[in-house]
J.: 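Here's a structure for you.
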Amino acid sequence: AFARYDTPRPTFRRGEGTLWLALEVVVPEAGPGEPWVLAFGHPRPRGVALHWLDDDGAPQVKEAGLRLPSSAHELPSRSVALRLPLPDRGPRRYWVKVDTFPLGLNASVIPESQFHREEQQSAVVQGLYFGGALALVAFNLVLFALLRRRGFLLFGGLGLAQALFFFAR
């Protein structure tokens with residue numbers, strides 16, 4: 001499972017890079033409670049591989065990221081996130097390989113319920129934004145149809161272009 005990574009090129013090149021992170025989680029005697037999630041914000045990494053040794057010492061790997069199709073994501077979300085396989089109690093060390101841009105890495109370990117709540121809030125805000133953009137485009141197309149002024153058509157096209165730009169991100 002763990003192999004030497006040989007490459008003739010440097011790890012960081014032209015806006016691309018691979019980072020390795022070590023993460024240690026200690027579960028109290030009472031047990032882990034609810035599941036925890038390793039979540040990555042913007043810029044979302046292209047690929048994430050979570051490596052750990054299970055209770056028997058066998059290496060395990062989970063993957064997530066933009067390279068995988070949505071159906072392969074462990075958690076239903078547009079975010080890059082992995083559920084942490086927690087031990088019953090005691091420490092567990094994880095190694096995280098992140099294929100990302102070298103300018104920043106926004107990662108957090110949060111309870112799964114908080115992750116879903118934040119995803120839901122983000123979806124509501126995005127829905128309001130895109131609903132408003134659609135209403136703006138429709139309003140300008142109606143004004144263009146009634147008044148035949150080219151400026152309303154161009155402004156509607158600008159609103160549509162902005163909405164598509166943010167939707168693509």
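It should be emphasised that the depicted structure is a prediction, and the values quoted were computed from it without experimental measurement.
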J.: Are Val109 and Val37 side-chain neighbours, meaning at least one heavy-atom pair lies under 4.5 Å?
T.: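 Side chain of Val109 against side chain of Val37, heavy atoms only: no contact under 4.5 Å found.
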
J.: Considering all heavy atoms of both residues, which atom of Glu34 and which atom of Ser113 are nearest to each other, and what is their separation?
T.: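 Looking at all heavy atoms of both residues, the shortest contact is OE1-OG, 2.9 Å.
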
J.: Contact between Val48 and Glu63 at the side-chain level, heavy atoms closer than 4.5 Å - yes or no?
T.: no

J.: Taking the side chain as everything from C-beta on, heavy atoms only, tell me whether Val98 gets closer than 4.5 Å to Phe40.
T.: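 Answer yes - side chains close enough.
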
J.: Between Arg92 and Asp54 (salt bridge meaning N to carboxylate O under 4.0 Å), is one present in this structure?
T.: no

J.: Group every Ile, Leu, Val, Met, Phe, Trp and Tyr by side-chain heavy-atom contacts under 4.5 Å, then state whether Leu50 and Phe115 land in the same group.
T.: no

J.: Looking at every heavy atom in both Tyr94 and Val25, which two are closest together, and how far apart are they?
T.: CE1-CG2, 3.7 Å

J.: Calculate, to the nearest 0.5 Å, the distance between atoms CD and CG belonging to Gln162 and Leu136 respectively.
T.: 8.5 Å

J.: To the closest 0.5 Å, what do you measure between CG (Leu160) and CZ (Phe165)?
T.: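 Answer for the CG-CZ pair, Leu160 versus Phe165, is 14.0 Å.
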
J.: Should Leu38 and Leu21 be regarded as members of a common hydrophobic cluster, given that ILVMFWY residues are connected when their side-chain heavy atoms come within less than 4.5 Å of each other, either directly or indirectly?
T.: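 Yes, same cluster.
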
J.: Less than 4.5 Å apart, side chain to side chain, heavy atoms only: is that true for Leu153 and Leu141?
T.: yes

J.: Is there side-chain contact between Trp52 and Pro85, with heavy atoms separated by less than 4.5 Å?
T.: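 Yes, side chains in contact.
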
J.: With Asp56, which residues qualify under side chain to side chain donor-acceptor pair (under 3.5 Å), at least two apart?
T.: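 In terms of side chain to side chain donor-acceptor pair (under 3.5 Å), with neighbours along the sequence ignored, Asp56 is linked to no residue.
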
J.: Rounded to the nearest 0.5 Å, how far apart are CG of Asp55 and CG of Asp88?
T.: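 Those atoms lie 6.5 Å apart.
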
J.: Search all heavy atoms of Ala81 against all heavy atoms of Ala64 and return the closest pair with its distance.
T.: O-CB, 3.9 Å

J.: Assess whether atom CD of Glu74 is packed by more than 12 heavy atoms of other residues, nucleotides or ligands within 6.0 Å.
T.: yes

J.: For Lys97 and Thr18, run side-chain contact (heavy atoms from CB on, under 4.5 Å): C-alpha distance rounded to whole Å, both residues' side-chain angles, the deciding distance at 0.1 Å, then the answer.
T.: CA-CA 7 Å; Lys97 179 184 176 188; Thr18 300; 3.6 Å; yes

J.: Donor-acceptor pair, Lys62 side chain versus Arg83 backbone, under 3.5 Å?
T.: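 Yes; judged by distance alone, with no hydrogens or angles, the pair exists.
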
J.: Test your reading of the model: is there a side-chain donor-acceptor pair from His116 to the backbone of Leu75, 3.5 Å cut-off?
T.: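 Side chain of His116 to backbone of Leu75, a donor-acceptor pair under 3.5 Å: no, none is there.
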
J.: Within a 6.0 Å radius of atom CZ on Phe155, are there more than 12 heavy atoms belonging to other residues, nucleotides or ligands?
T.: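 No, not enclosed.
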
J.: Would you kindly confirm whether Leu68 and Val96 end up in one hydrophobic cluster when ILVMFWY residues are joined by side chain heavy atoms under 4.5 Å apart?
T.: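 In one cluster: no.
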
J.: For Phe139, look at atom CZ and say whether over 12 heavy atoms of other residues, nucleotides or ligands are found less than 6.0 Å away.
T.: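 Not buried by this count: 12 neighbours or fewer within 6.0 Å.
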
J.: Given 3.5 Å as the limit, does a donor-acceptor pair link the side chain of Ser77 with the main chain of Ser79, or not?
T.: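 Confirmed, Ser77 side chain pairs with Ser79 backbone.
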
J.: Show the nearest heavy-atom pair for residues Val61 and Ala49, with the distance to one decimal.
T.: CG1-CB, 4.5 Å

J.: Heavy-atom distance under 4.5 Å between the side chains of Ile110 and Glu118, does that happen here?
T.: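 Yes. Closest side-chain heavy atoms under 4.5 Å.
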
J.: To the nearest 0.5 Å, what is the distance between CG on Asp99 and CG on Leu19?
T.: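 Atom-to-atom, Asp99:CG and Leu19:CG are 8.5 Å apart.
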
J.: Can you tell me how far CD of Gln126 sits from OH of Tyr129, rounded to the nearest 0.5 angstrom?
T.: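 Reported value, rounded in 0.5 Å steps: 10.5 Å.
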
J.: My understanding is that only residues two or more places apart in sequence, or in another chain, count here; which of them pass salt bridge (Lys or Arg N to Asp or Glu O under 4.0 Å) with Glu24?
T.: Arg93

J.: Can you label the angle between the Phe130 ring and the Phe167 ring as parallel, tilted or perpendicular, going by 30° and 60°?
T.: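 Phe130 vs Phe167 ring planes: perpendicular.
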
J.: Atom NE2 of His51 and atom CH2 of Trp20: how far apart are they, to the nearest 0.5 Å?
T.: 4.0 Å

J.: Taking all heavy atoms of His73 and all of Gly65, pick out the closest pair and write down the distance.
T.: NE2-O, 3.2 Å

